[in-house]
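Excluded from the calculations below are hydrogen atoms, water molecules and symmetry mates; all remaining heavy atoms, backbone and side chain alike, are included.
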Amino acid sequence: MPVITRELLRKRAEHNEGIISTLEEVSLHQEELEGINEVLGVTCRKIKILYLQNNIIPKIQNLTHLKDLEYLNLALNNIRKIEGLQSCEFLKKLDLTVNFIDVDELKESIDHLQSRHCLRELYMMGNPAEANWDKFKSYVIAKLPQLQSLDGTEITKSMRIIATQNLPAMEEELRHLAAAKRAELEAKNEEKCRDGSAPAKTIHRGDVVVEELGSDDDDYEGPVREDEELTENTPETRVEMYREIAEQKREKAERARANAPPERDYEKEHAEAVAAQRRKEEEMGEREVRQKNEGGFPFSWDEEGVKGSIVLEVSLPRHLDSSLIDVDVHPTYVSIIVKGKTLRLALPSEVRAGDTKCQRSKTSGALVLTMPKVNPRETTVFSKKLGTKPKPKPVQGKVTKDRTKEPRKLTLQEQMLAAAQGTTDTAAKTNESSLAVDFRNIVSVKEEVPSVDLQESRSSNGSNSKLIHEID
């Protein structure tokens, strides 16, 4: 059966980041616990709220160190007597719903709670004492004046006055009930010890013969099927039932563990991959460097940021553990293994491997390698930004046209203006050509006109008219 352990407490302390020493509230319900061991009181002394309902705890014990306890829930357990709370000075609420506190242990249980002056709420519904004695609530109210609520019902002044007045008579009645209950339990125990089980009894009902087990007070309700077999609500039957539940849970957990994929040891796998890869690189040497990027890690080069050095930046996941990264720098190449994935790159120039600086960014997780060159004056091979080409310098006397630049699309207004300018230029060219033709024609006509005396043409209007007519 399960017991209270540090692992169980740490599992139930997720809301406190797994820290159990400062735990103030813990829930241990439905764990099939058969008792409260000393682990709880030793490791969790700051607990104020403790949930232990729906277990099979038979006794309240090992709560000596829980001096700050304010709320204790022990509903649905096998408790027969209230005890073990003498150190819980600040206990305000106690839940003992559906337990096995009967009239034979009621007086001692209530007397134990009288010294708990901070107790304000008490729940005892579903206990045999409440079912077997109709004056149960009045007795509890009279014996515990500090109570303000019983089974969720507020205690009024009139209820307390009436209960206090009837307390002597109730104590006398409880004494007789307790004695009768003890005698009944002793008789049952003697009968069980003598016979081992209740004798079978044959009852004739007409032509049907039925065998019954139990007392004479049981009413016949017909034959009971196997799937409808009823069990008595006793601590023993609850223990047996909860043990079966615990066994089923254990078997289910074992099946889940067997079907679950095996747990991977990433550090071990990484170490094996690093050893195998380094062995291959040693065999290959530096004769032929085969570049590879198995993990597809983005990287960039920079030879301008740090003078005389080559800077390699590899983008890695931010939360990747640095123990899963292995870097090996050689004069002509660099090899980086991340979780078994190899990134091997040839260097643009020879570097001093022993002086290489390897750093990891805490914000982005990027890996930065600064490798000093053997010859710091060696020309730059890579540009600062990977993938960008430097622009060519223009040659004097030549105009370089950017053919990659696409022409801008003209707007409607620009198209109309261009069309208008084209029409004007065409008309001007047409006029110039027509004038040139007319001038040539005129010159040719003048050459064909006969010479005429100037004075004659100016003397009379008729000669001029004749001349014009001839020209026409």
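The two residues S322 and R360 make their nearest non-hydrogen contact at OG-NH1, 2.8 Å. Summarising the geometry of I4 relative to I36, their closest heavy-atom pair is CD1-CA, 4.3 Å, with the distance given to 0.1 Å. Listed here is the closest heavy atom pair of Q86 and R116: O-NH2, 3.3 Å. Closest approach of A353 and P331 over heavy atoms only: CB-N, 4.4 Å. Across every non-hydrogen atom of R160 and I155, the tightest pair is NH2-CG2, 3.4 Å. G305 approaches D302 most closely through the heavy-atom pair N-OD1, 3.2 Å.
N16 and T22 are linked by a side-chain donor-acceptor pair at a separation below 3.5 angstrom, with hydrogens and angles left out of the test. With 3.5 Å as the limit, one finds no donor-acceptor pair spanning the side chains of E108 and H112.
Judged purely by atom type and a 3.5 angstrom limit, H15 uses its side chain to pair as donor or acceptor with the backbone of E25. Although no hydrogens or angles enter the test, the distance criterion places no donor-acceptor pair under 3.5 Å between the side chain of R352 and the main chain of M371. Side chain of E130 to backbone of G126: a donor-acceptor contact under 3.5 angstrom is found. Checking side-chain atoms of D321 against main-chain N and O of L324 turns up no donor-acceptor pair under 3.5 Å.
For the pair I141/L150, a side-chain contact is recorded, criterion being any heavy-atom separation below 4.5 Å from C-beta on. For the pair E31/R12, a side-chain contact is recorded, criterion being any heavy-atom separation below 4.5 Å from C-beta on. Under the 4.5 Å side-chain criterion, counting only non-hydrogen atoms from C-beta, S361 is not in contact with V368. Counting heavy atoms from C-beta on, the side chains of D151 and K137 come closer than 4.5 Å. With contacts defined as side-chain heavy-atom distances shorter than 4.5 Å, the pair I56/L33 does not qualify. Side chains of L85 and L69 form no contact here, defined as non-hydrogen atoms less than 4.5 Å apart. Put simply, the side chain of Y71 does not reach to within 4.5 Å of the side chain of L50, judged on heavy atoms. With a 4.5 Å cut-off on side-chain heavy atoms, T5 and L8 count as touching.
To the nearest 0.5 angstrom, T370 atom OG1 is 6.5 Å from K357 atom NZ. To the nearest 0.5 angstrom, L52 atom CG is 12.0 Å from L76 atom CG. Atom CZ of F90 and atom CD of E70 lie 8.5 Å apart (nearest 0.5 Å). In this structure, OG1 in T234 is found 9.5 Å from CZ in R238, a value given to the nearest 0.5 Å. How far NZ of K249 is from CD of E254: 15.0 Å, rounded to the nearest 0.5 Å. The distance from atom SG of C118 to atom CG of L91, rounded to the nearest 0.5 Å, is 8.5 Å.
Among residues at least two apart or in separate chains, side chain to side chain donor-acceptor pair (under 3.5 Å) pairs with a member in residues 39-59 are N54-Y242.
We find that K339 and E269 are not joined by a salt bridge, their nearest charged nitrogen and carboxylate oxygen being 4.0 Å or further apart. Classification of K188 and E184 as a salt-bridged pair holds, one side-chain N sitting under 4.0 Å from a carboxylate O. At a threshold of 4.0 Å, the pair R243-E240 does not count as salt-bridged, since none of the basic side-chain nitrogens sits closer than that to a carboxylate oxygen. For the pair K11 and E7, the salt-bridge criterion is not met [side-chain N within less than 4.0 Å of a carboxylate O].
No more than 12 heavy atoms of other residues, nucleotides or ligands lie within 6.0 Å of CD in E154, so this atom counts as exposed by the packing criterion. More than 12 heavy atoms of other residues, nucleotides or ligands shown are found within 6.0 angstrom of CZ on R250.
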For L369 and V334, run side-chain contact (heavy atoms from CB on, under 4.5 Å): C-alpha distance rounded to whole Å, both residues' side-chain angles, the deciding distance at 0.1 Å, then the answer.
CA-CA 10 Å; L369 300 179; V334 59; 3.7 Å; yes
Worked check of side-chain contact (heavy atoms from CB on, under 4.5 Å) between T342 and I336:
CA-CA 6 Å; T342 303; I336 303 173; over 6 Å; no
Assess the residue pair Q359 and L367 against the criterion (side-chain contact (heavy atoms from CB on, under 4.5 Å)); give the C-alpha distance rounded to whole Å, side-chain angles, the decisive distance to 0.1 Å, and a yes or no.
CA-CA 6 Å; Q359 296 175 320; L367 179 67; over 6 Å; no
Decide yes or no on side-chain contact (heavy atoms from CB on, under 4.5 Å) for R120 and Q146, but give the supporting numbers first.
CA-CA 6 Å; R120 297 292 180 267; Q146 72 272 26; 3.8 Å; yes
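Below 30°, between 30° and 60°, or above 60°: for H330 and Y333 the angle between ring planes is below 30°, a parallel geometry.
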Which donor-acceptor pairs under 3.5 Å do side chains of residues 94-107 form with protein atoms, sequence neighbours excluded?
| unit_1 | atom_1 | unit_2 | atom_2 | d |
| --- | --- | --- | --- | --- |
| D95 | OD1 | T97 | N | 3.1 |
| D95 | OD1 | T97 | OG1 | 2.6 |
| N99 | OD1 | N77 | N | 3.3 |
| N99 | OD1 | I79 | N | 3.2 |
| N99 | ND2 | L74 | O | 3.1 |
| N99 | ND2 | L96 | O | 3.1 |
| N99 | ND2 | T97 | O | 3.2 |
| D102 | OD1 | N132 | ND2 | 3.2 |
| D102 | OD2 | K181 | NZ | 3.3 |
| K107 | NZ | D111 | OD2 | 3.1 |

For a quick test of your reading: what N or O donor-acceptor pairs under 3.5 Å do the side chains of residues 307-314 make, sequence neighbours left out?
none

